[in-house]
Every structure is written in structure tokens, then in C-alpha cells.
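A quick write-up on the structure given underneath.
Counting begins at 1 with the first residue of the sequence. Both ligands and their constituent atoms are indexed starting at 1 by order of listing.
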Amino acid sequence: MVIHGGAGTLVKGLMTPEKEEQYKAALNEALEKGYAILENGGSALDAVETAVNYLEDSPLFNAGRGSVFTNDGTHEMDAAIMDGKTLDAGAVSLISGIKNPVSLARAIMEKTDHVFLAGDGAMRFAKSLDYKLETPEYFYDEHRYQQWQNIKDSDKFQLDHSLKKEGKFGTVGAVACDKNGNIAAATSTGGMTNKKWGRIGDSPMIGAGNYANNKTCAVSCTGSGEFFIRGVVAYDVSCLMEYKGMTLEEAASEVINKRVLEIGGDGGLIAVDSDGNIAMPFNTEGMYRAFKTSEGKKEIGIYKD
Ligand code: ASP
């Protein structure tokens, strides 16, 4: 089981030790919740949804509750989930008031014939399932409000985690391999601060920010979405494994440390294959991340070392 809480300018010393502990505790909790499902013989799909739900409910991360502000001062969230066994996928974007966007993405996958619903239509679908809507206060976060205030009258839009000061960072994601060797990926985000005109990032786009295929790998990305879309990043990792015979580690590193950089993007990804190998490359100063394996290896990291 591997999870992330966003990549970006995470430099040692810029965060108070208390904040650092809070992030680590949240990552640990999400990881353990997902891992417990795998340990009890549950599916990779359930594990990634559960871990992402936990991170969505935490105000520390830019997903669900902690989502960043759009140029209009609203929250528009994106999410996706994919099952590597069946290649079934569900995605949602431009939704507001939904507590757990990744679960709505899963409902789209399981309860409709479609893969991707957006905006009004996605909200109507949520209503048809009796989703309860949270108020804007639920999503309000003072730090993120200030981030938006700083750039709201400009054409700038920015990664939640690109400010060189203490911040609350991060799109969230999870990938997992279950006891049957099935893998899955899930990603959820509030996108980029000050985004305009119904901007959609890579996170909900199958193949860009999220992808899973038992034959190759399950991937969840974080970073400057525009570049991850152009690089079709998650699928590129899968393609390098399938067509070039690269290992998970080689493919993930080739994409993040070479291909994404070459087109000007920054960020990272987490990935797993059906043998349980994992990779977590990032080309930024840091990435909130954690993993646990069935061999008893476990790590929670923020910075490069
Ligand atoms: N990739 C996300 C987006 O562009 C942002 C992030 O990873 O924080 O919407």
C-alpha cells in the first residue's frame, strides 16, 4: 500500500515540528486504514478508496475538506479511481459540496455506464444517490483563503504546495496491491489555487493523473496538472513497462525524472505493480508519502532523504 499527500516545495525547516507531526500522523492513519483492508483479504479497490477518504476528510491536504480556492472563491474538486483487474474506471470533476469525491467517482464506475461525469451533471447524479452536501464552511480553510487572496486578482494559478513558506499542501492519492495480486489507484484533489473557467487538472483524467492495469502498474500522480496531462504521465509509466519491458522503478523514474522535467513539469507519483513492487519518484523538494508492505517494511516521508 502506498499513499501520497502531494508533492512540492517541501523544504526541511520551513514547517514547525508540530505541523510535521500532524502530517505524519495523518499519513500514518490513512496508510494503516488502507493496509488493514488488504491484510484482512479485502480488495485493492476498497483499500485505495478508504485511504483517500481519510485524506479527503483531513483539512491538511488539498482534497475534499482542505480543497484550495478557485478564482471565483469556490471549491471545485476532481477525483478518479481505477481497478487494474477489470480496467473499470470512474472519474468526476468540477464538483462542489461533496465530502468524498473519490467515492462519487467509484459510484460512477459501478452504478453508471459512463466513466467521467463533470459539473452539474455529476452533481445531479450525486443527488440521485442522496448524497448529502456539505456547506462552504466545511471546506473553508484560512490558510488556503490567504493563498487565494494573494493571487486572486492576477492570471496566476498555482500548485497548492509551491509556496516557499509553511503551508498546507497536497492532492492525495493511493495505490495498492491486494492478496490476489489485483492492483488499483485512486486520486483526489481541489486542483490549483485561483484556477479559472472550469479548469480541470490531471487527477481525474484516466491515464494522466491516475491509472491501473494488472498487467503493468497502478499509478497516482501529483504535480503541475497541465504538464501531467500533456505527458499522459500515469499511462506513460504503464506503456514503458508494457512495451519497453522496464521495471516499475525504471519506468516511474524515467517519466518523473526525465520526461516530465523535459516538458517543464514538476511533481511526483506513487506506483505499485501486481508483484507488490513500489516506486515513489518526485522531482520536487519533497512529497508527502508513505508505504507499507507485507514484508513488514513501512516508511513515512516528506523530504528528499
Ligand atoms: N495535479 C493537481 C492538479 O493539477 C494538483 C496537485 O497535484 O496538487 O490539479
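In this structure, a donor-acceptor pair under 3.5 Å is absent between the side chains of Asn182 and Ser43. With no hydrogens or angles considered, no side-chain donor-acceptor pair links Thr247 and Glu249 at under 3.5 Å. Thr189 and Asp78 are not linked by any side-chain donor-acceptor pair at a separation below 3.5 angstrom, with hydrogens and angles left out of the test.
Per-residue contacts place Ser203 under 4.0 angstrom from the following atoms of ligand 1 (heavy atoms of the residue considered): 1 (N), 2 (C). Set against the non-hydrogen atoms of Thr222, the atoms of ligand 1 under 4.0 Å away are 6 (C), 7 (O), 8 (O). Taking every heavy atom of Thr171 and a limit of under 4.0 angstrom, the matching atoms of ligand 1 come to 2 (C), 5 (C), 6 (C), 7 (O), 8 (O).
Not one N or O of Cys221 is nearer than 3.5 Å to an N or O of ligand 1, by distance alone. For ligand 1, none of its N or O atoms has an N or O atom of Ser224 under 3.5 Å away. For the pair Glu226 and ligand 1, the shortest N or O to N or O distance does not fall below 3.5 Å. Remark: ligand 1 and Gly225 share an N or O pair separated by less than 3.5 Å (distance only, no angle test).
The aromatic rings of Phe61 and Tyr23 sit perpendicular to each other, their planes meeting at more than 60°, with 30° as the lower class boundary.
Not a single heavy atom of Gly209 sits closer than 4.0 Å to an atom of ligand 1. Distances from ligand 1 to the non-hydrogen atoms of Arg199 include at least one value under 4.0 Å.
Evaluated by nearest non-hydrogen atom to atom 2 (C) of ligand 1, the leading choice among Gly223, Gly191, Gly201 is Gly223. The heavy atom nearest to atom 3 (C) of ligand 1, considering only Thr193, Asp78, Asp202, is found in Asp202.
In this structure the side chain of Met109 never reaches within 4.5 angstrom of the side chain of Met82, judged on heavy atoms. Between Met205 and Phe228, every side-chain heavy-atom pair lies at or beyond the 4.5 Å cut-off.
Aromatic rings from His75 and Phe69 are positioned such that their centres are separated by under 6.0 Å.
Under a cut-off of 6.0 angstrom, the local environment of CD in Glu262 is crowded, with over 12 non-hydrogen atoms contributed by other residues, nucleotides or ligands.
With a 4.0 Å heavy-atom cut-off, ligand 1 is reached by no atom of Ala7. Contacts between His4 and ligand 1, counted as non-hydrogen atom pairs separated by less than 4.0 Å, are absent for every part of the residue.
Comment: Arg289 does not engage Glu299 in a salt bridge, judged by the lack of any side-chain N to carboxylate O separation of less than 4.0 angstrom.
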